[in-house]
2 protein chains.
Amino acid sequence: MLVPVEKPKSKREGLRRETLALILATGEQIFADHGLKGATMQAIADGANLPKANLHYYFPTKHDLYRQVVERIFNIWLDAAESFDTQANPEQALGTYIRKKMEISRSHPYGSKVWANEVIHGAPIIHDYLETTLAEWTDSRIAVIERWEFEGLIDPVNPRHLLYMIWSTTQHYADFSHQIATLNGGVPFNDAQWAQATECVTNIILKGIGVKRAAPS
Amino acid sequence: MLVPVEKPKSKREGLRRETLALILATGEQIFADHGLKGATMQAIADGANLPKANLHYYFPTKHDLYRQVVERIFNIWLDAAESFDTQANPEQALGTYIRKKMEISRSHPYGSKVWANEVIHGAPIIHDYLETTLAEWTDSRIAVIERWEFEGLIDPVNPRHLLYMIWSTTQHYADFSHQIATLNGGVPFNDAQWAQATECVTNIILKGIGVKRAAPS
DNA sequence: AATTCTTTTGACCAATTGGTCAGGTTGACG
DNA sequence: CGTCAACCTGACCAATTGGTCAAAAGAATT
C-alpha cells in the first residue's frame with residue numbers, strides 16, 4: 001500500500017517534495033494539537049519555517065491541506081490493516097494486527113489524534129472512506145472471525161465488537177497520550193513500558209475471546 | 001457525588017437555573033461537534049434560542065463556559081468511578097464499573113466527546129484534575145486490583161493497562177459513535193445492540209484477565 | 001545570455017468572532 | 001405603588017485569520 005518513492009528528476013522536483021513533506025508533517029502536528037479550526041495557517045507556517053503565503057502556493061486552502069493530512073493517515077491505517085492476515089490462525093492474525101496498531105500509536109501519535117478528532121466531530125471529511133473502504137475491510141475481516149468461531153478456534157463473540165475493542169485499546173495509547181503520561185509521573189512511556197502495554201493488551205484480548213494458543217515453547 | 005437539587009427560592013432563581021442548564025447542555029453539544037475553537041458563542045446562542053449577549057451575562061467568556069462544561073463531565077465520570085466498589089469481588093466491581101461506563105457512553109455522548117477532545121489536545125484545561133483527583137482514584141483502584149492478583153482472584157496483569165482498556169473500550173462507543181453508526185448501516189445502535197456491546201466488552205475483559213466467575217445459576 | 005516557467009514573499013483585504021456597553025425590561029420587596 | 005437590583009438585548013468594536021496579489025527571485029531550457 002505504501003507508495004514507492006521515486007527519484008526526483010531535478011533539483012526543483014526534490015525541493016518540492018521536501019517542502020510538501022515538511023508542510024504535511026507540520027500540519028499533522030498542529031492539527032493534532034489544536035483541531036481543524038484551532039490550527040492556523042500561520043502556526044503551521046511558523047512550525048515549518050515558511051511564509052504563510054508559501055503554504056497557500058502548495059495547498060490552496062486550509063481544507064486542502066487538512067484533507068491530505070487525513071488521507072495520509074488513512075493510508076497508514078490501511079497498511080496496518082493488511083497485516084490482519086486472513087490466512088493465518090487467530091493468534092497470529094490478531095496478535096500481529098494488535099502489535100502493528102500499537103507500533104503505529106507510538107510512531108504516528110499525531111496522525112492518530114487527527115483521525116480521532118475527525119471522527120469525533122462527525123467525520124465530515126472522511127465520511128466516504130468510512131462508508132466504502134473501511135466498511136469493506138471490516139466486512140471481510142468479520143467473515144474471517146466468524147469462520148474461526150465456526151471452526152471452534154475462538155469463543156463465539158460478536159466480531160464487530162472485537163474489532164472495536166482492538167481499535168479503541170490500541171489507539172487509546174496515541175490519542176490519550178497526555179493523560180497516560182500524566183498518570184505515568186508526567187513522562188511518556190519508555191521502550192519497556194510500550195512493550196509491556198503491547199503484551200498486556202494482546203494477552204487480555206486473545207485470552208478474552210478464548211483463542212487456542214500455541215503451547216509455549 | 002451528584003449535587004442534590006434544591007428547590008428554587010423564587011421564580012427568578014428557577015429561571016436562572018433553567019437558563020444555566022440550557023446553556024451548558026447546548027454548549028456541551030456544540031463543543032463536542034466543533035471543538036473548543038470551532039464552537040462559536042453565536043452557534044451556542046442560536047442552539048439555545050438566546051441572544052449572544054445573554055450568554056456572556058451568565059458566562060463572561062467562552063473559556064468560562066467551556067470549563068464548566070468540562071467540570072460537569074468530570075463529575076459524571078467521578079460518579080461512575082464510585083461504582084468501582086473496592087469491597088466487592090472482581091466480577092462484581094469490574095462488571096458494574098464497565099456497565100456503568102457503557103451507560104454513560106450512551107447517555108452522555110457529547111460530554112464524552114468533549115472530554116476526549118480536551119485530552120487529545122493536551123488537556124490544557126483539565127490538567128490539574130488529571131494530576132490530582134484522577135491520579136488518586138487510579139492509584140487506589142490499582143491497589144485493589146493488585147490485591148485481587150495476590151489473592152489469586154485474577155491473572156497477574158498490569159492494573160494500569162487493565163484500567164486503560166476499560167476506559168478506551170467503553171468510551172469508544174461514545175467518542176467514535178459516528179464511525180460505529182456508519183458501520184452499522186448508517187443508524188445508531190438500538191437497545192439490543194447496546195446491550196450486546198456491553199455484554200461483549202464485559203465478557204472479553206473479565207475472561208481476558210482470568211476472573212473467577214460465579215457459576216451460572 | 002535571453003527567455004520562460006516555477007517558486008517565494010511581504011503587504012494587504014474581507015469576513016468572522018469574542019467580547020462590550022448603554023439602555024430597556026422584569027421580578028422582588030417594602 | 002415605588003424603588004432597586006437582576007436580567008435581557010441590539011448595536012457595536014477590535015483582533016484574528018484565511019486567502020489574494022503583484023512583484024521579486026530562482027531554476028530550466030534554448
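In this text, all values refer to a predicted model and were calculated from it rather than measured experimentally. Residue numbers begin at 1 in each chain, while the letters A, B, ... track the order of the sequences.
Ion pairing between a basic and an acidic side chain is recognised when a charged N comes within 4.0 Å of a carboxylate O; K113(A) and E28(A) show no such pairing. E103(A) has no carboxylate O lying under 4.0 Å from a charged side-chain N of R99(A), or vice versa, which leaves the two without a salt bridge. The pair R106(B)-D191(B) meets the salt-bridge criterion, with a side-chain N (NZ, NE, NH1 or NH2) lying under 4.0 Å from an Asp/Glu carboxylate O. With respect to the salt-bridge test (charged N to carboxylate O, under 4.0 angstrom), the residues R160(B) and D139(B) qualify.
Not one side-chain nitrogen or oxygen of K37(A) sits closer than 4.0 Å to the OP1 or OP2 atom of dG18(D). Residue R16(A) places at least one side-chain N or O closer than 4.0 Å to OP1 or OP2 of dT7(C).
Checked against the 6.0 Å centroid threshold, H161(B) and Y173(A) count as a close aromatic pair.
Considering I154(B), I209(B), L206(B), I145(B) as possible partners of P90(B), the one that fulfils the side chain to side chain contact (heavy atoms under 4.5 Å, CB included) test is I154(B). Just one of W137(B), W167(B), W77(B) meets the ring pair (Phe, Tyr, Trp, His ring centres under 6.0 Å) condition when paired with Y97(B); it is W137(B).
Within residues 19-31 of chain B, no residue is approached by DNA chain D to less than 4.0 Å at the level of any non-hydrogen atom. Residues from residues 52-64 of chain A that place a heavy atom under 4.0 Å from any atom of DNA chain D, listed by number: K52(A), A53(A), H56(A), T61(A), K62(A).
No contact: A45(B) has no heavy atom under 4.0 Å from any strand. Counting non-hydrogen atoms under 4.0 angstrom, A39(A) reaches the backbone sugars and phosphates but no base.
Look at CD on Q42(B): it is 14 Å from C1' on dA15(C), rounded to the nearest Å. One atom, CD of E18(B), and another, C1' of dC8(D), lie 16 Å apart when rounded to the nearest Å. Atom P of nucleotide dT9(C) and atom CE of M41(A) are separated by 15 Å, given to the nearest angstrom. H34(B) places its NE2 atom 15 Å from the C1' atom of dT16(C), with the value rounded to the nearest Å. Rounded to whole Å, the distance from CD on E13(B) to C1' on dG27(C) is 13 Å. Rounded to an integer number of Å, the gap from Y66(B) OH to dG18(C) P is 14 Å. When the C1' atom of dC7(D) is taken as reference, atom CZ of R17(B) falls 17 Å away, rounded to whole Å.
Aromatic ring pairs are classed by plane angle as parallel below 30°, tilted from 30° to 60° and perpendicular above 60°; the pair W148(A) and F84(A) is parallel.
A donor atom on one side chain and an acceptor atom on the other are found under 3.5 Å apart for D46(B) and Q42(B).
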